[in-house]
Amino acid sequence: MYLIENYARLPVRFVRGEGVYLYDDEGKRYLDFLSGIAVCSLGHAHPKLTEAICKQARELIHVSNLFENPWQEELARELVGEFWTRKARVFFCNSGAEANETAIKLARRHFRSRGEDRYRLITFRKGFHGRTYGSLSATAQEKFHEGFEPMLEGFDYAEFNDISSVKKLLREDTAGVMLEVIQGEGGVNEAEEGFLKEVQSLCREEGLLLIVDEVQTGIGRTGRFYGYQHYGIEPDIITLAKGLGGGVPIGVVVAREEVANSLTPGTHGSTFGGNALACRSALVVVEEVRKLLVRIEEMGYFLRKKLEELNIGKVKGKGLMLGVETGRDCRGLVLEALKEGLVINCTAGSVLRFLPPLIVEREHIEEATDILKRVVRKL
Ligand SMILES: Cc1ncc(COP(=O)(O)O)c(C=O)c1O
């Protein structure tokens with residue numbers, strides 16, 4: 001009654017979670033194959049994460065970025081350690097949209113600080129980068145813009161996996177290219193390796209920044225620490241959020257040092273960004289996800305195989321970020337699965353999406369696909 005009705009909420013109230021399971025207010029158990037949309041990477045109530053959060057909350061939650069922050073330093077070292085070059089720097093904020101907003105600002109400022117008037121970014125149809133004006137303007141899907149126009153100036157939209165459409169949009173004032181290696185909200189659409197390599201070459205030839213939005217694909221989701229690592233590319237900037245905090249809000253920009261250096265004291269900031277609680281949580285997630293990477297790939301193959309056996313559409317994605325193109329509205333299927341105790345999601349209208357916690361095991365995958373089989377038969 002008191003909430004703005006901007007969400008079409010499903011009729012269930014989850015009150016507790018444990019591992020890959022959620023429980024509603026009547027004690028019914030659900031298998032969670034959505035993880036709060038790729039957020040609860042270690043599942044629910046993970047003992048180490050819970051312990052770290054409680055310990056940190058007892059000691060210190062927040063101090064502000066006016067002061068030194070050893071947790072940020074420690075987490076930044078870990079994140080840069082996984083990046084393709086150690087010559088990189090990190091900025092902390094609170095969400096994916098904020099991280100992308102920062103990346104957009106950083107791209108503009110990088111060129112301005114060199115006296116170059118380049119500010120435009122090329123982004124891609126079916127991409128999704130967030131709901132703030134910068135990130136929304138970068139999101140080349142008109143349905144999200146509707147009623148909120150005018151969008152921020154300076155974004156040109158190319159076709160995904162089509163290098164000629166990127167080249168056509170190049171201008172003197174183009175600053176960079178921004179993309180997801182697997183478009184999550186847009187329907188779990190994978191970039192082709194050849195396309196990404198061509199984008200990389202184009203960026204190098206033209207002196208453009210390559211920005212990879214790893215908000216959904218990052219931190220182990222696809223079976224590599226960062227999703228771009230599947231493709232042998234070297235982005236100048238990546239953005240992270242979602243799974244990094246295991247449920248505690250955090251957003252991150254990792255940028256090549258030369259680019260990062262254009263944000264000098266006072267030019268950008270965030271009150272909550274990278275507070276002690278968020279960083280401690282993320283440190284646990286990073287440590288655990290590193291141990292899970294091989295398993296994520298194995299479980300991803302297993303889930304893919306089980307989904308293919310269902311024969312309900314083409315399976316797409318990598319690792320534990322999978323979608324099935326059903327070719328029809330799949331919201332009914334999601335609702336029916338929920339009734340049967342399986343939490344999944346429908347994205348881009350017709351794509352059933354699977355984002356289980358990264359701790360998922362074979363028996364959970366079997367349980368989930370058995371439920372789906374029943375639901376599909378029924379419908
Ligand atoms: C690739 C990508 N970028 C950015 C965002 C926005 O993140 P947030 O909702 O944390 O602002 C999302 C959210 O779905 C996303 O999938």
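As the structure lists them, so they are numbered: ligands from 1, and atoms in each ligand from 1.
Remark: of the listed residues Arg377, Arg374, Lys373, Arg374 is the sole one forming a salt bridge (Lys or Arg N to Asp or Glu O under 4.0 Å) with Glu340.
In this model, a donor atom of one side chain and an acceptor atom of the other lie less than 3.5 Å apart for Glu214 and Thr217.
Using a 4.5 Å cut-off on side-chain heavy atoms (C-beta onward), Met321 and Arg353 make no contact.
Ordered by chain and residue number, the residues placing a heavy atom less than 4.0 Å from ligand 1 are Ser95, Gly96, Ala97, Asn100, Phe128, His129, Gly130, Glu180, Glu185, Asp213, Val215, Gln216, Lys242.
Hydrophobic cluster membership for Val253: Phe91, Ile104, Leu106, Phe111, Leu121, Leu152, Phe155, Tyr157, Met178, Leu209, Ile211, Ile237, Val259, Leu263 (Ile, Leu, Val, Met, Phe, Trp, Tyr linked by side-chain heavy atoms under 4.5 Å, directly or transitively).
Nearest approach of Leu322 to Gly319, heavy atoms of both residues: CG-O, 3.5 Å. Between Arg125 and Phe160, the shortest heavy-atom contact is O-CB, 4.2 Å.
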